[in-house]
4 protein chains.
Amino acid sequence: MKRDKPKYKQIIDAAVIVIAENGYHQAQVSKIAKQASVADGTIYLYFKNKEDILISVFTEKMGVFVENLKQIIKDESTSCEKLLKMIDNHFRVLATDHHLAIVTQLELRQSNKDIRLKINDVLKEYLVLLDHILIEGLENGEFNKDLDIRLARHMVFGTIDETITTWVMNDQKYDLMKLAPKVQKLLLSGMRA
Amino acid sequence: MKRDKPKYKQIIDAAVIVIAENGYHQAQVSKIAKQASVADGTIYLYFKNKEDILISVFTEKMGVFVENLKQIIKDESTSCEKLLKMIDNHFRVLATDHHLAIVTQLELRQSNKDIRLKINDVLKEYLVLLDHILIEGLENGEFNKDLDIRLARHMVFGTIDETITTWVMNDQKYDLMKLAPKVQKLLLSGMRA
Amino acid sequence: MKRDKPKYKQIIDAAVIVIAENGYHQAQVSKIAKQASVADGTIYLYFKNKEDILISVFTEKMGVFVENLKQIIKDESTSCEKLLKMIDNHFRVLATDHHLAIVTQLELRQSNKDIRLKINDVLKEYLVLLDHILIEGLENGEFNKDLDIRLARHMVFGTIDETITTWVMNDQKYDLMKLAPKVQKLLLSGMRA
Amino acid sequence: MKRDKPKYKQIIDAAVIVIAENGYHQAQVSKIAKQASVADGTIYLYFKNKEDILISVFTEKMGVFVENLKQIIKDESTSCEKLLKMIDNHFRVLATDHHLAIVTQLELRQSNKDIRLKINDVLKEYLVLLDHILIEGLENGEFNKDLDIRLARHMVFGTIDETITTWVMNDQKYDLMKLAPKVQKLLLSGMRA
DNA sequence: GATGAATGAGGTTTCATTCAT
DNA sequence: AATGAATGAAACCTCATTCAT
């Protein structure tokens, strides 16, 4: 399997760095190859084309969010706590990897529709897990029974995304992690029973 | 003043149509010129370069949001009502102009960092006005006195934006306007005193 | 009409020279542009792509053969004389333009199947005219009534083509024109009544 | 000797199939290796480079024509009969091996000048044998004493080649073998004393 | 002898911008 | 003011060949 070979991850990581440091439109394949210390042609032994690199970057990295969230859902805390853990996790992953934060919040959004559609497929998986938490909270009475799941999902994800994007645009100069409990509290007060 | 001449608006409107119908990356200057019924070179009598067209599209169209919001702030309703009016206005403008909705929610976000930074300057004006409503609500006791204005702003704008973007991505097939009161209610329950 | 503008012919002629002097696979668009004294991009105002240049080279130049042959057919000489004139014309055009001879006999034959199929369409027109001469000769009794037109066409064209190609491969070092009457005589003796 | 080892022939035969089925420009070394069931690198144990494969394909396969023709020349028939046998042999070999016919008549002609020059060296051997027949016919009075050997060679080979190429281009859908006596008769009538 | 992963040079085409008319 | 023909820089990808195993 190609994605288990060391060069696969090597190229993905190189792509994140190159995109973060040069911007999406200045992230030429040759730069990524150089950063990964492989020849240009080697890229094409592991990826079909440039688009495939970009989608794989998102898929591989987003996988971490999804995996973490699956763990969070499994545990036995309340839905409220799960929501906090989710926000906390989302913030932590991006606060820990500055390059990745730039890539997901700013650069990858410049990609064309084809790529964005595939990125959305990955995102959808994440949103479905978020819905699980929301539904569970509804059913166990933690959340307001009139809550519109779809709007609540928009609110939770929109707030998280907007908060992180603003933080990235401000050059990540304040502590994102500290905002997690406040964001949770703000969101919860709007959903609680 | 260039922006008062008829061809200026003509080109801006052509750009919105071309970007909405062809996508950001397929919106060549020559296509915009054709749609505006002017020669390619004429574009450069009214705009410094392509970047200038795109920023102007956003500035000119965003102006409507800002103007409307200024009117809303002036009137004598409660902060809660102002928030509803703001959401309602935001939804209405985009629900009325499908091309514009596509351009602002999807296509213009593919622009490079430079353009997006300038677009953000324009957006900031809008967010400052939103802050006015939030501060007013805090001061007159409508909103929770512990409310973090910055986070509340992220939540309000993030929720609105995510809701509209999802609606555009779903081909605008449901009635966006109907969601306005629900979104307001959801947001308010998180902020109220 | 694009093909009436001076730059169109300028580029076609440049292509013939570049292909003849560098070989088919070393005839880059940039070289053709340089030879034609235009910018690389200008090529694409007159031709859809590189393939289009190559096909146009053949079509434009082959047009001369076809036009000349149409004149020959119209005149009132015998079929035998027409055949001589055809051979003579074919030899003369290529003996006069050494670059063109190299391009048609050697270089253009390296093109891929798509291009060769389009080239064949043009050639077919020429062969149809040759058939006219052969049929006429059959009907007026100049040629053997048992003559198989298809085979005769193969023989006439194959002999002409092989003779010219050998001449080109030998660096055009002998006088091709002098061979015309001998080739005619040889071919005719095989077809005469 | 490398050319006696089984893998040598295996690769040559694979090359003929790959070129015939994919076309000259789509006949990558890796495809030939795959078809021959050897690794890419193995090719280079038997051939200096890709050019060497292509020339060897022609040399090996052309060898059959030359060998057969040598036999034909040795026998005691008339020059006219030898000519028929030669045409018959030429047609038969290609009519029997459809892949080979495509490769020699269409695909290999797309190769660059270097390769074509080397192919011509091989062809020359064949043409020299043809000259033997023609000269013998001249000397024994079967052919016209004014016959120009060089032109006659062009005519014989050009007619054969054009006839076969047309047959291949028409997807080999009629019986090439049946044409042999007619082609001979046509050619002979032009050369006979 | 055999393998196949890795290499890296090289070319077509697009499109924002200019400037002579 | 308006035109639009001309410019030319810039990058993705292929594939023949090598060489460590």
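The chains referred to below are lettered A, B, ... by the order of the sequence lines, with proteins before strands, and numbering in each begins at 1.
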Novice: Among C:Val103, C:Asn112, C:Ile115, which residue meets the side chain to side chain contact (heavy atoms under 4.5 Å, CB included) test with C:Leu54?
Specialist: C:Ile115

Novice: Could you list all the ring pair (Phe, Tyr, Trp, His ring centres under 6.0 Å) pairs where at least one residue sits in residues 18-52 of chain D, not counting sequence neighbours?
Specialist: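 Applying ring pair (Phe, Tyr, Trp, His ring centres under 6.0 Å) to every pair that reaches into residues 18-52 of chain D, excluding sequence neighbours, yields C:His25-D:His25, D:Tyr8-D:Phe47.
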
Novice: How close or far is atom C1' of F:dC15 from atom CG of D:Leu54, stated in whole angstroms?
Specialist: 14 Å

Novice: When B:Lys61 is tested against each of B:Thr104, B:Asp13, B:Asp97 for side chain to side chain donor-acceptor pair (under 3.5 Å), which residue passes?
Specialist: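 The single option meeting the side chain to side chain donor-acceptor pair (under 3.5 Å) with B:Lys61 is B:Asp13.
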
Novice: Rounded to the Å, how far apart are C:Ile43 CD1 and F:dA5 P?
Specialist: 16 Å

Novice: Round to the nearest Å and state the distance from B:Lys34 atom NZ to F:dG4 atom P.
Specialist: 11 Å

Novice: In chain order, what residues pass the side chain to side chain contact (heavy atoms under 4.5 Å, CB included) check against D:Ile102, with sequence neighbours excluded?
Specialist: D:Ala20, D:Glu107, D:Val168, D:Gln172

Novice: Salt bridge check, B:Lys31 against B:Asp40: does any charged N sit closer than 4.0 Å to a carboxylate O?
Specialist: no

Novice: Round to the nearest Å and state the distance from C:Tyr8 atom OH to F:dA6 atom C1'.
Specialist: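 Atom-to-atom, C:Tyr8 to F:dA6, this comes out as 19 Å.
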
Novice: Nearest-nucleotide wise, let me know which of D:Tyr46 and A:Tyr46 is further upstream toward the 5' end of DNA chain E.
Specialist: D:Tyr46

Novice: Using atom CG of D:Asn112 as one end and atom P of F:dC15 as the other, report the distance to the nearest whole Å.
Specialist: 16 Å

Novice: Strictly below 4.0 Å, N to O, side chains only: are C:Asp52 and C:Lys118 in salt-bridge contact?
Specialist: no

Novice: Indicate for each nucleotide in nucleotides 13-21 of chain E, in 5' to 3' sequence, whether protein heavy atoms under 4.0 Å reach the base (B), only the sugar-phosphate (S), or nothing (-).
Specialist: BBSSBB---

Novice: Taking 4.0 Å as the cut-off, does a side-chain nitrogen or oxygen of A:Lys31 come that near to OP1 or OP2 on F:dA11?
Specialist: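 No, because none of the side-chain N or O atoms of A:Lys31 sits under 4.0 Å from OP1 or OP2 of F:dA11.
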
Novice: Side chain of B:Leu45, heavy atoms from C-beta onward: which of F:dA2, F:dA6, E:dT7 has the nearest atom to it?
Specialist: F:dA2

Novice: Taking only residues two or more places apart in sequence or in another chain, which ones pass side chain to side chain contact (heavy atoms under 4.5 Å, CB included) with D:Ser37?
Specialist: none

Novice: Given a 3.5 Å cut-off on both pairing distances, which stems involving DNA chain E, each at least three consecutive Watson-Crick or G-U pairs, are present, if any?
Specialist: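 For DNA chain E the paired stretches long enough to count as stems (3 pairs minimum) are E:2-21 with F:2-21.
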
Novice: Please give, in whole Å, the distance from F:dA11 C1' to A:Tyr24 OH?
Specialist: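 One finds 14 Å between C1' of F:dA11 and OH of A:Tyr24, rounded.
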
Novice: For A:Phe47 and F:dC12, what is the distance between atoms CZ and C1' respectively, to the nearest whole Å?
Specialist: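 About 16 Å, once rounded to whole Å.
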
Novice: If the condition is side-chain hydrogen bond (donor to acceptor under 3.5 Å, both in side chains), which residues does A:Arg109 pass it with, not counting sequence neighbours?
Specialist: A:Asp161

Novice: Answer yes when C:Asp121 and C:Arg116 have at least one side-chain N-carboxylate O distance shorter than 4.0 Å, and no when they do not.
Specialist: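 A salt bridge is absent here (no side-chain N lies under 4.0 Å from a carboxylate O).
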
Novice: Taking only the side-chain heavy atoms of C:Ala39 (C-beta and beyond), determine which of F:dT7, E:dT7, F:dG4 contains the nearest atom.
Specialist: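 Looking only at heavy atoms from C-beta outward on C:Ala39, the closest nucleotide is F:dT7.
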
Novice: Counting only side-chain N and O atoms of A:Lys7, is one of them less than 4.0 Å from OP1 or OP2 of E:dA6?
Specialist: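 For E:dA6, OP1/OP2 do have a side-chain N/O of A:Lys7 under 4.0 Å.
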
